[in-house]
Amino acid sequence: MMAAAEKVKVATMWLSGCSGCHMSFLDMDELLIDLAAKIQVVYSPIADVKVFPEKVDVTLIEGAVANDEQLELLKQARERTKVLISLGDCAVTGNVPALRNAWGNSARLALERAYIENADVNKQIPTDVPELLEKVRPLHEVVKVDYYIPGCPPSAGVITYVLTELLAGRVPNMEGKCKYG
Amino acid sequence: MLREDKRRELLDNFMRKHEYDESALLEILHKTQEIYGYLDNESLMYVAQSLNLPPSHVYGVATFYSFFKLKAAGEHVVTGCLGTACYVKGVEEIMQAVEREFNVKRGESTADGKLSLFVTRCIGACAMAPSVVIDGEVMGKATPELVINKLKLLLGGNKTETR
Amino acid sequence: MEGTRLKLGDLQKIAEHEVDFERAFKHRINVCCSSGCVPFGAFDVLKAFQEAVKEFGVEKECKVARTGCVGTCAVGPAVVIEPGDYLYQNVTPDKVRQIVRDHIVLGLPVKDMLYQNEAFFKKQHRLVLRNAGKIDPTRIQDYIAAGGYAAIVKCLATMTPQGVIYEVLGSGLRGRGGAGFPTGQKWSLVARSHSSPKYIVANLDEGDPGVFANRTLAEADPHAILEGMLIAAYAVGAEKGYIYIRAEYPLAIETLQKAIAQARAMSLLGENVLETSFKFDVELRFGAGAFVAGEETAILASVEGRRAMPRPRPPYPANSGLWGKPTLIQNVETLANIPLIVLNGGAWFSKIGTGKCTGTKCFSLTGKVNNPGIIEVPMGITLHEVVFDVGGGVADNRKFKAVLVGGPSGGCLPETLLELPIDYDSLTRVGAIMGSGGIVVIDDKSCMVDTAKFFTDFCIDESCGKCTPCRAGLAKIKEIFEGITRGEGNLEDLATLEKASIYIRDASLCGLGQTAPNPVITTLRYFKDEYVRHIVDKVCPADRCFKNVKEVNKQ
Amino acid sequence: MSNSTVTLKIDGVEITVPEGTMILKAATDNGIRIPTLCALEGLSNSGGCRLCLVEIAGSPKLFAACITPVSSGMVVTTNSERLKEYRKMTVQLLLSERTHVCSVCVANDHCELQSLANELGVDHVMFERKWTDYKIDSTHDFLVIDRNRCILCTRCIRVCDEIEGAHTLDLKMRGKDTQVIMDLDNNWGVSCSCTSCRKCAKVCPVGAIYVEEEPLARTKHKEIAEFLLARRRR
């Protein structure tokens, strides 16, 4: 599929999630070395790149969309990526960050809980952080998503499987591999 | 209002007439609602025990059918027909007008308990659509103005009586 | 006369006596006192006529009768004066004196009070509603005089149960409850079932919003239902029948209760019907506001006093119905056809309508149409004839947009399908159903997206919740609709809507879920451009949607 | 019981079973897996979840295998593309109907809905999920019901009625508002009819009914109904 010289440009992104999915990604251990021969990481929380680059081949995104900054980042990633993958339950279902969706006025309530009820000092809701969305959403409710890797976190094995299949130009078959939770 | 023992007697007689047959549960619940105005937990438990039925079964039946009310209705009841014909002819506007005018939500009563607003799915008066039932009387070809005026009359009349 | 136990031969005498009695009157004034006319003061009109004939001294030659519905429910109270079938519309007590004076005394019908839409009756063919508006439903003698109960006499005196079934099979009659299963076949199944007792359930749980034909029948001619049940019971060997009727129909309940009492008193119901060894009795069972209770297996649960949750078939009720016993479930309209089939023969009946769909069908014609009301037309009549001839066209000179056939789970059909003949198979082919016979005319002021959403809402409210597709699937469809009418839809939603609708249709447990997506599927098929305009241009062609959104934005 | 047998074909395999056997049992006994949720050996069948739908040659309709008896010469397909598609759809609807968050659920790794999603490859839900907020009833000494996780399979109701004989549980309301209730919709702690037998928790396929502070692996025992029935038949 790809010319040998030209490495596949891969980005990873961390929205509202616990970073566990990225940990799981790193759990590929020695397989990462093989992978590194084929891919080039162009944007990631574990790489120091400030702006999401143009013409990315594959983007793996961990976490749900919970605030307006994330919404913008996600839309930008979608525009600049060929294949976008939801990585982990937060990205696929909303998962724990979305639990607040059950309440009305959830953005406000969540902030009050965090910054007032549970604060010992300086009880006030910060104004200089991105605004929370009224509803926390999985990625595919906001942009088109090409592949899904559920799991909390998804095992390194499943991540490897999906990436290997994609790099080989095949469509991954998720039967028996979608373990939520 | 009948005295409690009198009401209980009416219900007992009715259940006896049906030989405490569990298949007559719907008829018995209809009767209970007719006597008490609505179905409270006490009467549901009484019916369950009389018919030898599990309480959860009786509660399940009472809440399955929309005709049964588990809460007391207001003094006056207005029910909008949400059947197709009435919908096409704009009953929704009447409902919204009543909600606005009397500050009441459908399925609920006003704070003072004077007026309840319900919806029903078709009362079968479709040729006279839109229809609204006010205290048991069908008002066909209703308009927001007609309904609100009639309700104001009813509620106003009530107030002067209580004064 | 009432209270005497009748024998087989006595009915003929009663009929003759009644006819003689009727002949003494020169005029008969029939005042419609059914649910459509009562709220507009029909009983006051009846009283006014009774007083007026006395006042003018014509009470000896005028019989003032309380009757059932003639079908013109939009212009009630309606009064018919015989002979000549003069139909007076919007009669109020203050008009009564003039009618009696001019029409009865002077012999000059009051032209400007007469119903002018002759076409309304022209294409109708009244079998089921043969007595509606003609006899007093509260007098069993009226029914007998009109030839009533002659069919059960014929059965008991001269026919075997198999012979009755043979005639019903030959008539080609199909169930009028919606699914259109051949009635004769159903009867054979129950008759062949060996266990006993057997039951009959007459379905009068007319839960379709916009449909009131069954109620009209029960209010106008209750004995036709009872006689149909008697014949069915004789044919299949049942001894107990239940009429399952909506509690929202107080007048129909009262009428039926009276009819049952009268029939019992004359030994037409009970042990030894008409002094024969045949026994059959009927009890009323009240529904309580659940559309799904009209479904065959749900109605059984409800008659047994349980939640009206359908169960999968097999076992079919014909083998295992009420309390596990063989049960014949039949819509009351189907039953009302039976006496005529027995009297005139199956072959006679099979000539009415079309080859595959014989007989007539009652419809409640409502919505934006000039002559709404209850109609009975032969099978095979076109939608165009119903809407434009019988119905008199679209009301307020608006443009025709669609016609919804079959109730909330029917299909919305466009102008191009107006030449479609009305029968079970043609309707199914285009995505509609016969249902229990609702026809709603929709004009260009209505939005098809909003209409489909409305019917989905109805089905969500009425879903019993047992199976996943209907319970959870319809709710998801509604959410998609809400997005579209809020202006947040995208074109992919249409594919999701279609996919989910077809899944719900195929995977649901009972008829409610299987037909619930029909309005969505048909509007997507015939009015897709309206959906696209909502999504792409954020425009509702009928200006019904987005209203709340706009208001919110203004605030 | 009649001793006659019926021969039919399921997924191309010829199978002979006693007359009156349901398709589901005929398939399972012969090693053909049909996914299920509401069906449970030992309880009456509900036919509600629609996961076990199969195709029968000659009919355009789909049949719930748990409740459709076999007949001679029947040709059954359990795994066509359409059926796979529909099963995925059913699981998606169940997942999106209420709050199902596996990562924080007591039933994580012991949940039939979760493993079905896995088996069928439901890698995401095409519908917007609903986040319900029903109050959790933990008033009972040790049994807890979280209706946010309930999939309305009614196994608990059937086991309570048919095996335990208490009929404490039933459904209230209808449609999407349907809920499992105790007695007159009372708190479980004050139930007058509950025998605290915990069979409901044993058969719950998800994490809706569970025993407080007991690992689910120990609570779950869905063979209980069949086991008790067999004891009683002796």
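Keep in mind it's a predicted model, so treat the numbers as computed, not measured.
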Interatomic spacing from [atom1] in [X] to [atom2] in [Y] - rounded to 0.5 Å:
{"X": "C:Y503", "Y": "D:K88", "atom1": "OH", "atom2": "NZ", "value": "13.5 Å"}
{"X": "C:C467", "Y": "D:L152", "atom1": "SG", "atom2": "CG", "value": "11.5 Å"}
{"X": "D:M89", "Y": "C:D506", "atom1": "CE", "atom2": "CG", "value": "10.0 Å"}
{"X": "D:M126", "Y": "C:K499", "atom1": "CE", "atom2": "NZ", "value": "4.5 Å"}
{"X": "C:E479", "Y": "D:S96", "atom1": "CD", "atom2": "OG", "value": "7.5 Å"}
{"X": "D:E97", "Y": "C:T468", "atom1": "CD", "atom2": "OG1", "value": "7.0 Å"}

Are any of the side-chain heavy atoms of C:M309 and D:T178 separated by less than 4.5 Å? no
Between the side chain of C:R471 and the main-chain N/O of D:D177, is any donor-acceptor distance below 3.5 Å? no
C:A475, C:A472, C:G465: which one forms the most heavy-atom pairs within less than 4.5 Å of chain D? C:A472
Between C:C459, C:C470, C:G483, C:S463, who has the most heavy-atom pairs with chain D when the cutoff is under 4.5 Å? C:S463
Give a yes or no on this: more than 12 heavy atoms of other residues, nucleotides or ligands lie within 6.0 Å of atom [atom1] of [X].
{"X": "D:K130", "atom1": "NZ", "result": "no"}
{"X": "D:K220", "atom1": "NZ", "result": "yes"}
{"X": "C:E482", "atom1": "CD", "result": "yes"}

Who wins among D:I67, D:T90, D:N45, D:T68 for the most heavy-atom pairs under 4.5 Å with chain C? D:T90
If you count heavy-atom pairs under 4.5 Å with chain C, which of D:D170, D:L94, D:L37 comes out on top? D:L94
Select one option (side chain, backbone, both, neither) describing which atoms of [X] are under 4.5 Å from chain C's heavy atoms.
{"X": "D:Q92", "result": "neither"}
{"X": "D:T154", "result": "neither"}
{"X": "D:P69", "result": "side chain"}
{"X": "D:R98", "result": "neither"}

Heavy-atom pair of closest approach, residues [X] and [Y]:
{"X": "C:A507", "Y": "D:L53", "value": "CB-CD1, 3.6 Å"}
{"X": "C:K476", "Y": "D:E128", "value": "NZ-O, 2.8 Å"}
{"X": "C:P312", "Y": "D:G47", "value": "CG-CA, 4.2 Å"}
{"X": "C:S508", "Y": "D:R50", "value": "O-NH2, 3.3 Å"}

Identify which part of [X] has an atom lying under 4.5 Å from any heavy atom of chain D, answering side chain, backbone, both or neither.
{"X": "C:A308", "result": "neither"}
{"X": "C:R313", "result": "neither"}
{"X": "C:I502", "result": "both"}

Going by an N to O cut-off under 4.0 Å, is there a salt bridge joining D:R174 and C:E462? yes
